[in-house]
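Residue numbering restarts at 1 for every chain, and letters A, B, ... go by the order of the sequence lines. Predicted, not measured: the structure shown is a model, and the values here were computed from it. What's counted below: heavy atoms across the whole structure, side chains too, no hydrogens, waters or symmetry copies.
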Amino acid sequence: MLDPRLIRQDPDHVAKQLTRRGLAVDVDALHQRARQVQKLADDRANLQAEGKKVSRQVGQRLRLLKEESDKRPVVHSDFSEPPTDQWPQVNMEAREESAEFVQLQKEAVALEAKGKEFKQQVTALEEKEKALQDQLRQELLHLPNLPSPQCPDGRSEADNVERRRWGDPKPAAPSLEHWQLGKTLGLFESERSVRVAQSRFITLLGQGARLERALIQFMLDLHVSRGYTEVLPPALVNTASLTGSGQLPKFAEESFRCADDDLWLSPTAEVPLTALHRDDILAAADLPRRYVAYSPCFRREAGSYGRDTRGLIRLHQFNKVELYWFCHPDASEAAHEQLTADAEAVLQALELPYRVVELCTADLGFSACRTYDLEVWLAGAGAYREISSCSTCGDFQARRSSIRMKEGKRNRLLHTLNGSGLAVGRTMAALLEWYQQPDGSVAIPQALQPYMGCAVITPPSSAPK
RNA sequence: GGAGAGGUGGCCGAGUGGUCGAAGGCGCAGCACUGGAAAUGCUGUAUAGGGGCAACUCUAUCGAGGGUUCGAAUCCCUCCCUCUCCGCCA
């Protein structure tokens with residue numbers, strides 16, 4: 001979420017930055033509304049201060065009345081009703097005993113009436129304020145993050161900028177695609193998975209299932225050895241968590257929702273990891289906090305009909321190992337480079353060629369202010385394909401989720417960063433295509449062999465029984 | 001799922017209608033004492049928003065949301081969560 005104060009104080013900057021993203025937003029209306037909300041809040045607070053004084057005066061009068069009545073002896077019984085049923089502690093029988101008593105009584109009644117007036121005025125203002133405040137908040141929740149100054153300008157993904165390459169991309173010798181290899185090697189079941197669930201779901205079998213598990217464990221071990229704390233988060237998350245990381249309210253149609261509960265299938269571990277520290281105030285000495293989480297991810301992939309229908313590239317459910325940083329605002333730029341390097345380390349260890357592409361303003365995700373995509377070389381398809389997206393979100397998610405750090409006496413929103421390290425299914429696809437051999441088998445890169453328990457995957461027919 | 005108990009500041013824990021944002025303790029920070037430390041004493045120690053150069057000040061917040069009242073941590077309603085017992089279950 002953008003800072004309401006920024007919108008109040010520098011609407012031109014906000015408008016300019018949103019324009020870089022290719023968005024036409026009526027920032028002026030937002031600006032007006034934000035100022036109006038503030039004005040209402042100020043007026044209301046002043047009125048409340050007055051009302052509070054009156055209430056205290058009522059209390060004071062009642063206390064005096066009680067003291068006065070306690071002093072007086074009861075001279076006669078008078079069963080007339082007290083002015084309000086709030087006064088039972090006052091001995092009404094004594095009220096005719098003194099002029100001060102009568103005077104105090106009058107004052108108390110008058111003050112009560114005055115307080116009632118304040119209350120009505122405050123209530124009226126509060127209603128207006130709340131309505132406007134809610135409206136403003138909803139509008140802000142729909143606005144994406146502002147791009148970083150370093151983020152290259154662009155009008156479409158064609159304007160993304162390649163930053164560097166690693167390895168030597170070359171077509172595979174037999175240039176089968178991973179889904180063909182998967183079929184001949186018996187690694188997964190596409191057609192039968194439709195029976196089980198739907199299209200875009202996959203069932204891994206035998207060596208395929210083993211390879212997926214090996215990759216997950218390999219990635220986790222690698223990142224833990226580089227200083228990350230391993231997390232296994234819930235796969236279901238609530239609405240507040242999805243709102244906190246930016247998936248809601250705008251992208252509801254992208255997630256699977258549970259009908260009977262306030263729960264959704266998490267589209268990425270970024271969601272539960274952000275939510276892990278929602279409303280927390282972390283000690284500066286604890287930063288950066290770096291987490292690595294394996295989680296299954298669920299996405300509806302709405303609007304992608306017909307694209308990537310075969311194999312492991314685009315599924316409703318896939319596995320991902322996610323990297324996540326909570327860090328000091330001044331350190332987030334360096335953190336972004338480090339996080340990206342950590343994701344790259346997986347591809348380097350597996351010796352898979354890739355390139356790093358920086359997304360332009362038009363292609364930036366909702367919560368991000370700057371993003372590097374890692375694109376792995378798919379040797380069978382002969383193309384680079386996104387396998388990781390490493391983003392810095394500035395304080396955007398921290399503000400939505402209220403995650404702060406202590407800086408001296410003050411609290412300050414911290415910065416969050418996330419990146420895949422890596423998408424496991426796509427890693428398997430790249431690996432199968434890159435390491436396929438003329439005899440139909442697939443070699444296992446050295447780093448993975450201890451996890452896989454073998455050096456090569458062979459077709460079932462030629463495998464020893 | 002059924003029955004009961006309970007949610008107060010970093011933690012423990014008082015507080016059942018009137019200067020209560022909240023006693024006391026612990027913890028933490030600063031100062032004093034000390035050769036240094038322990039112990040001790042003093043002072044300070046929530047969050048958000050607004051105003052002020054600042055000292056400071058105003059408003060809101062005692063699980064959340066409503067209600068009663070001039071005034072609610074305290075009374076009423078709804079919801080959420082935690083704990084104990086029973087049932088079920090991996």
**Request:** Consider the side chain of A:S55, meaning its heavy atoms from C-beta on, and name the nucleotide among B:U59, B:U19, B:G71 that approaches it most closely.
**Result:**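 When the side chain of A:S55 is considered, B:G71 is the closest of B:U59, B:U19, B:G71.
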
**Prompt:** Under 4.0 Å between a side-chain N/O of A:K114 and OP1 or OP2 of B:C70, yes or no?
**Reply:**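 For B:C70, neither OP1 nor OP2 has a side-chain N or O of A:K114 closer than 4.0 Å.
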
To the nearest Å, how far apart are [X] [atom1] and [N] [atom2]?
X      : N     : atom1 : atom2 : value
A:L47  : B:A60 : CG    : C1'   : 15 Å
A:K53  : B:G18 : NZ    : C1'   : 17 Å
A:E117 : B:C70 : CD    : P     : 12 Å
A:K130 : B:U61 : NZ    : C1'   : 15 Å
A:L125 : B:U59 : CG    : C1'   : 13 Å
A:E127 : B:G66 : CD    : P     : 11 Å
A:Q120 : B:U69 : CD    : C1'   : 13 Å
A:Q57  : B:U19 : CD    : C1'   : 12 Å

Spacing of the [atom1] atoms in [M] and [N] (rounded, Å):
N     : M     : atom1 : result
B:U68 : B:G13 : P     : 34 Å
B:U82 : B:A72 : C1'   : 25 Å
B:G9  : B:A90 : P     : 39 Å
B:A55 : B:U40 : C1'   : 32 Å
B:U69 : B:G18 : C1'   : 12 Å
B:U8  : B:A14 : P     : 11 Å
B:G15 : B:G6  : P     : 13 Å
B:G67 : B:G44 : C1'   : 39 Å

**Prompt:** Once each nucleotide of nucleotides 44-51 of chain B is scored for protein heavy atoms under 4.0 Å, what B/S/- sequence comes out, 5' to 3'?
**Reply:** ---SSSS-

Under 3.5 Å on both distances, the Watson-Crick or G-U partner of [N]:
N     : answer
B:A73 : none
B:G4  : B:C83
B:A22 : none
B:G30 : B:C42
B:G17 : none
B:U47 : B:A60
B:U68 : none

**Asked** Can you check whether A:L220 reaches A:Y294 side chain to side chain, under 4.5 Å on heavy atoms?
**Response**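 SC-SC contact between A:L220 and A:Y294 confirmed.
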
**Pairing of A:E117 and A:K114 as salt bridge, 4.0 angstrom limit** =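 A salt bridge is absent here (no side-chain N lies under 4.0 Å from a carboxylate O).
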
**Message:** Can you tell whether the side chains of A:R399 and A:D3 come within less than 4.0 Å, N to carboxylate O?
**Reply:**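 A:D3 and A:R399: salt-bridged.
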
**Asked** For A:F256, is the NZ or CZ atom of A:R300 found under 6.0 angstrom from the centre of its six-membered ring and inside 45 degrees of the ring axis?
**Response**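 Judged by the rule (NZ or CZ under 6.0 Å from the ring centre, within 45° of its axis), A:R300 counts as positioned above A:F256.
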
**Prompt:** Within 45° of the six-membered ring axis of A:F326 and under 6.0 Å from that ring's centre, is NZ or CZ of A:R289 located there?
**Reply:**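 No.
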
**Prompt:** Between A:R20 and A:C151, is there a donor-acceptor pair closer than 3.5 Å when you use the side chain of the first and the backbone of the second?
**Reply:**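 Yes; judged by distance alone, with no hydrogens or angles, the pair exists.
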
**Message:** Quick check for you: to the nearest 0.5 Å, what is the distance between A:L350 atom CG and A:M428 atom CE?
**Reply:**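 It is 12.0 Å, given to the nearest 0.5 Å.
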
**Request:** Would you mind classifying the nucleic acid contact of A:G115 as base, sugar-phosphate or nothing, using non-hydrogen atoms under 4.0 angstrom?
**Result:**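 Sugar-phosphate only.
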
**Prompt:** Does A:K116 or A:E50 map to a spot on RNA chain B nearer the 5' end, using the closest nucleotide for each?
**Reply:**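 Closest to the 5' end, via its nearest nucleotide, is A:E50.
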
**Message:** Assuming nearest nucleotide by heavy-atom distance, tell me which of A:R44 and A:V54 is located more 5' along RNA chain B.
**Reply:**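 Nearest-nucleotide comparison on RNA chain B picks A:R44.
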
**Prompt:** For the residue pair A:F201 and A:H316, does the interplanar ring angle fall in the parallel (under 30°), tilted (30 to 60°) or perpendicular (over 60°) class?
**Reply:**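 Taking A:H316 first and then A:F201, their aromatic rings sit tilted (interplane angle of 30° to 60°).
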
**Message:** Is it the case that the side chains of A:K320 and A:T268 hold a donor-acceptor pair, with the cut-off being a distance below 3.5 Å and no angle test?
**Reply:**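 The criterion, which ignores hydrogens and geometry beyond distance, is satisfied for A:K320 and A:T268.
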
**Request:** Give a yes or no on whether a donor-acceptor pair under 3.5 Å exists between the nucleobase atoms of B:U69, that is its base, and the side chain of A:K119.
**Result:**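 When only heavy-atom distances are counted, A:K119 does reach the base of B:U69 through a donor-acceptor pair under 3.5 Å.
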
